[in-house]
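For this chain, numbers begin at 1 and follow the sequence in order.
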Amino acid sequence: MTQKERQARSRQVIFQAALEEFGAADFEAVTMDGVCAKHGISKGMLYHYYAGKDELFLACAGEIFQALHRYLQAELLPLERQPVFEALQNYFLLRETFFQTRPREKHVFENAVLYPPKHLADRIQALRQPILQENNRFLHRLLSRMTLREGVDKERAARYLSSIHAVFWTILERYCAQAGTPDLHKTLTEAVDLLQLVLYGVAGPEAISGRDA
């Protein structure tokens, strides 16, 4: 084995150990000492490849962002040929489909996106930019086929849907829990119902205009 191959192997061993730790606990609970102790990695080797916990977390988050971005690039194009609501429904469920068999990666992703360490927020946002840009391109193309409510332009609609998309699965979990839905992975009907509420709201025209029903 060449030195380059040994280095790549060592880096991969550290990465997998970090993914297990960050995939099971929040950022603050993970320590470099813990990574070393639990996975039989020497501190010398760990600090040779990573300057500290911040760099290790960013490496995990960055790798997950890249994998998700590749997945979205492959999956979003076929959605554009679907009817608008069906495409939007599948778009909202696409991220969860990616993470269904990747629970550790999902935990890291949600910690990075929803609860980022404040001192890493800007760097995480930079790593996430390709995903945000891919989503934005898809939403703009889809919105071009959609009749928007008066006063809502494509930019505002895309910003709204992108914001909802970031927390949609968290909202769906709570929505399903209140309905007593037992299996979260069999809640397509609930997801469609929730997405309809996202798109069309709950208020009738009388309420919107200020008139009592």
Side-chain angles (χ1 to χ4, degrees), residues 7-73 75 91-136 139 159-178 184-185 187 191 194:
Q7 290 175 339
R9 182 178 179 181
S10 296
R11 186 179 288 274
Q12 185 62 22
V13 167
I14 296 170
F15 176 83
Q16 289 300 324
L19 184 59
E20 284 191 31
E21 297 306 307
F22 287 120
D26 294 339
F27 176 83
E28 296 299 334
V30 176
T31 66
M32 297 291 270
D33 286 346
V35 173
C36 290
K38 292 179 184 179
H39 300 275
I41 298 171
S42 71
K43 288 185 180 180
M45 186 172 82
L46 182 57
Y47 282 102
H48 175 74
Y49 291 102
Y50 297 95
K53 186 170 78 167
D54 290 354
E55 298 303 322
L56 205 51
F57 181 76
L58 290 171
C60 291
E63 183 70 25
I64 293 165
F65 290 161
Q66 289 178 26
L68 178 57
H69 182 227
R70 290 192 295 269
Y71 178 80
L72 291 175
Q73 284 182 310
E75 297 294 329
Y91 163 72
F92 268 75
L93 298 178
L94 203 55
R95 194 184 76 191
E96 185 60 22
T97 301
F98 174 80
F99 284 121
Q100 272 185 351
T101 59
R102 300 173 175 89
R104 296 177 306 179
E105 288 84 348
K106 180 181 180 182
H107 186 83
V108 175
F109 178 87
E110 290 182 345
N111 269 272
V113 171
L114 301 179
Y115 317 106
K118 290 183 179 180
H119 66 291
L120 297 180
D122 289 344
R123 295 175 69 182
I124 289 171
Q125 187 71 0
L127 290 172
R128 194 180 165 211
Q129 277 306 304
I131 293 176
L132 297 177
Q133 291 168 0
E134 195 71 41
N135 285 337
N136 194 51
L139 286 172
R159 194 166 75 239
Y160 167 69
L161 290 174
S162 180
S163 300
I164 293 294
H165 179 262
V167 295
F168 180 76
W169 201 259
T170 300
I171 297 172
L172 182 60
E173 288 179 348
R174 297 178 183 178
Y175 188 72
C176 292
Q178 292 182 24
L184 196 56
H185 294 298
T187 57
L194 180 59

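From K118, atom NZ reaches atom CG of L120 across 13.0 Å, with rounding to the nearest 0.5 Å. Considering OH of Y47 and CD of E55, their distance stands at 12.0 Å, rounded to 0.5 Å. In this structure, L161 CG and N136 CG are separated by 10.5 Å, a value rounded to the nearest 0.5 Å. Taking SG of C60 as the reference point, atom CD of Q16 lies at 8.5 Å (rounded to 0.5 Å). K106 contributes atom NZ, which lies 11.5 Å from atom OG1 of T101 (distance to the nearest 0.5 angstrom). To the nearest 0.5 Å, the span separating CE on M45 from NE2 on H48 amounts to 10.0 Å.
Residues A18 and L56 approach most closely at CB-CG, 3.5 Å, considering heavy atoms. Between A191 and F168, the shortest heavy-atom distance links the atoms O-CZ, 3.9 Å. Of all the heavy atoms in I124 and P117, the pair that sits closest is CD1-CD, 4.1 Å. Of all non-hydrogen atoms in F15 and A59, the two that sit nearest each other are CE1-O, 3.7 Å. Scanning both residues, L194 and I171, for their nearest heavy atoms gives CD2-CG2, 3.9 Å. Between A112 and F65 the shortest heavy-atom distance is CB-CZ, 4.1 Å.
Contact of the Y50 side chain with the I14 side chain is registered, since non-hydrogen atoms from C-beta on lie closer than 4.5 Å. Side-chain contact between V108 and F27 is absent, with no heavy-atom pair separated by less than 4.5 Å. Contact check for W169 versus L93: side-chain heavy atoms found under the 4.5 Å cut-off. Between E63 and E105 the shortest side-chain heavy-atom distance does not fall below 4.5 Å. Within the 4.5 Å cutoff, side-chain heavy atoms of F22 are placed close to those of K53. For the pair I64/F99, a side-chain contact is recorded, criterion being any heavy-atom separation below 4.5 Å from C-beta on.
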Practice prompt. Starting from the C-alpha separation in whole Å, work towards a yes-or-no answer on side-chain contact (heavy atoms from CB on, under 4.5 Å) for E96 and L172.
Written response: CA-CA 11 Å; E96 185 60 22; L172 182 60; over 6 Å; no
Fill in: Worked verdict on Y49 versus Q7 for side-chain contact (heavy atoms from CB on, under 4.5 Å)
CA-CA 9 Å; Y49 291 102; Q7 290 175 339; 3.4 Å; yes
Worksheet item: Could you walk me through whether H69 and Q133 pass the side-chain contact (heavy atoms from CB on, under 4.5 Å) check?
Response: CA-CA 10 Å; H69 182 227; Q133 291 168 0; over 6 Å; no
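Proximity of a side-chain donor or acceptor of N111 to a complementary backbone N or O of H107 within less than 3.5 Å is detected.
If you look at H165 and F92, their ring centroids are closer than 6.0 Å.
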Validation: residues 28-40 side-chain donor-acceptor distances under 3.5 Å, sequence neighbours left out:
{"unit_1": "T31", "atom_1": "OG1", "unit_2": "G34", "atom_2": "N", "d": "2.9"}
{"unit_1": "D33", "atom_1": "OD1", "unit_2": "K43", "atom_2": "NZ", "d": "2.9"}
{"unit_1": "K38", "atom_1": "NZ", "unit_2": "E21", "atom_2": "OE1", "d": "3.2"}
{"unit_1": "H39", "atom_1": "NE2", "unit_2": "E21", "atom_2": "OE2", "d": "2.8"}

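Salt bridge absent: E75 and R95 never bring a charged side-chain N and a carboxylate O closer than 4.0 Å.
For Y71, the ring pair (Phe, Tyr, Trp, His ring centres under 6.0 Å) partners two or more places apart in sequence, or in a different chain, are F98.
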